[in-house]
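In what follows, a structure is listed as C-alpha cells, so that the remarks can point back to it.
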Amino acid sequence: MDFLTIGEQQYINLETFKKDGTGVKTPVWVVKENDRLFVWTQADSWKVKRIRRNEDVKLCKSDARGTPLSDWVSAKAKILDTQADITTLRGRMLKKYGMMFRLINLMGRLRGRSLDGIAGIELTQ
C-alpha cells in the first residue's frame, strides 16, 4: 500500500506505541498535502503523548471504527502545536471534511474546548 494513497481515505487507523512497545490503534481523519499526511487531534490525547516519546507509527486505510482496509505502512510522526500550524491544518481539514468538520468543532467548543487544546500530527514516510 502506498503511503500517500492512504491519505486519500476519509479515515485512517493510526497506530502509536506505548513504552513497552504495545501498539494502540486509533481511527482518525486525515488530509494529504504534497508528500505529507496530517491528522487533527486533542493536544492532551494519549496518542500525542506517545508520539512525543516515539515518532515511529504505522497507518492503514480504515473505516470509522478503525477496521483495517489495507496493509499497514510505517511512518514518522511529528506533533504540530503552534498557532500557525493549527490554523493551517484547520483550513486543510475544512477543505476536505466541510460541514462534518465544522460540526465536530462546534461540539468541541460547546464542551469548552478551544483551538488552544488542538494539536496536529504530521506524518511522513
Side-chain angles (χ1 to χ4, degrees):
M1 175 54 49
D2 178 65
F3 172 77
L4 293 176
T5 302
I6 292 173
E8 296 168 358
Q9 190 76 7
Q10 183 170 3
Y11 296 96
I12 65 167
N13 198 334
L14 177 66
E15 184 176 22
T16 56
F17 298 94
K18 295 180 181 181
K19 288 180 187 178
D20 68 2
T22 304
V24 179
K25 298 171 182 155
T26 310
V28 292
W29 283 348
V30 64
V31 175
K32 177 177 82 167
E33 185 170 296
N34 300 323
D35 62 345
R36 300 173 295 167
L37 306 179
F38 297 91
V39 171
W40 176 274
T41 191
Q42 296 297 316
D44 61 356
S45 68
W46 283 103
K47 67 182 150 294
V48 168
K49 293 172 187 176
R50 288 189 293 270
I51 289 169
R52 287 191 193 281
R53 190 177 51 254
N54 180 0
E55 69 180 2
D56 295 322
V57 298
K58 290 184 179 178
L59 51 125
C60 71
K61 291 181 180 183
S62 78
D63 61 18
R65 294 178 186 219
T67 304
L69 302 175
S70 72
D71 293 332
W72 290 86
V73 173
S74 296
K76 299 288 184 187
K78 175 183 167 187
I79 302 302
L80 306 174
D81 54 9
T82 68
Q83 196 61 42
D85 288 335
I86 300 308
T87 300
T88 301
L89 181 53
R90 184 177 189 277
R92 292 175 181 138
M93 298 301 283
L94 275 169
K95 185 176 179 182
K96 181 170 181 178
Y97 294 99
M99 187 56 71
M100 288 178 18
F101 184 73
R102 289 181 193 277
L103 289 172
I104 294 296
N105 279 318
L106 176 60
M107 290 186 329
R109 278 185 275 154
L110 292 174
R111 290 186 201 139
R113 299 265 185 183
S114 69
L115 285 182
D116 295 337
I118 299 296
I121 301 172
E122 178 185 82
L123 302 167
T124 56
Q125 200 161 33

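Below, each value reflects all heavy atoms present in this structure, side chains not excepted, and no hydrogens, waters or symmetry copies.
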Around atom NZ of Lys49, are there more than 12 heavy atoms of other residues, nucleotides or ligands at under 6.0 Å? yes
CG (Leu14) and NZ (Lys58) are apart, to the nearest 0.5 Å, by 12.5 Å
Rounded to the nearest 0.5 Å, what's the gap from CD1 on Ile79 to CD on Glu55? Could you check? 10.5 Å
At their closest point, which heavy atom of Ile51 faces which heavy atom of Ala77, and how far apart are they? CG2-CB, 3.7 Å
Could you measure the distance from the CD1 atom of Ile121 to the NZ atom of Lys76? Nearest 0.5 Å is fine. 15.0 Å
If I compare all heavy atoms of Met93 with all of Trp40, which pair ends up nearest, and what's the gap? CE-CB, 3.8 Å
Stepwise side chain to side chain contact (heavy atoms under 4.5 Å, CB included) test for Arg36 and Leu123: CA-CA 6 Å; Arg36 300 173 295 167; Leu123 302 167; over 6 Å; no
Quick check for you: to the nearest 0.5 Å, what is the distance between Ile12 atom CD1 and Asp63 atom CG? 13.0 Å
CZ on Phe38 to OG1 on Thr124, rounded to 0.5 Å: 9.5 Å
Heavy-atom side-chain proximity of Glu122 to Asp85 below 4.5 angstrom: no
Under the side chain to side chain contact (heavy atoms under 4.5 Å, CB included) rule, collect the residues that match up with Ser62, sequence neighbours excluded. Tyr11, Asn13, Pro27
If you define the side chain from C-beta out and look only at heavy atoms, does anything of Lys95 sit under 4.5 Å from Val31? no
As an exercise, state the distance from OG1 of Thr22 to CZ of Phe17, rounded to the nearest 0.5 Å. 9.5 Å
Checking Asn54 against Arg50 for the side chain to side chain contact (heavy atoms under 4.5 Å, CB included) test, could you report, in this order, the C-alpha distance in whole Å, the side-chain angles of both residues, the deciding distance, and whether it holds? CA-CA 6 Å; Asn54 180 0; Arg50 288 189 293 270; over 6 Å; no
Minimal non-hydrogen separation, Phe3 against Asp35, with atom names: CE2-O, 3.7 Å
Test of understanding: clusters of I, L, V, M, F, W, Y form through side-chain heavy atoms closer than 4.5 Å, transitively. Do Leu4 and Ile6 belong to the same one? yes
Closest heavy-atom pair and its distance - Gln42, Val48: O-CG2, 3.6 Å
Any carboxylate oxygen within less than 4.0 angstrom of a Lys/Arg side-chain nitrogen, looking at Glu8 and Lys32? yes
Does any non-hydrogen side-chain atom of Gln10 lie less than 4.5 Å from one of Tyr97? yes
Where do Gln9 and Val30 come nearest, in terms of heavy atoms and distance? O-CG1, 3.5 Å
Salt bridge Arg52-Asp81, side-chain N to carboxylate O under 4.0 Å: yes
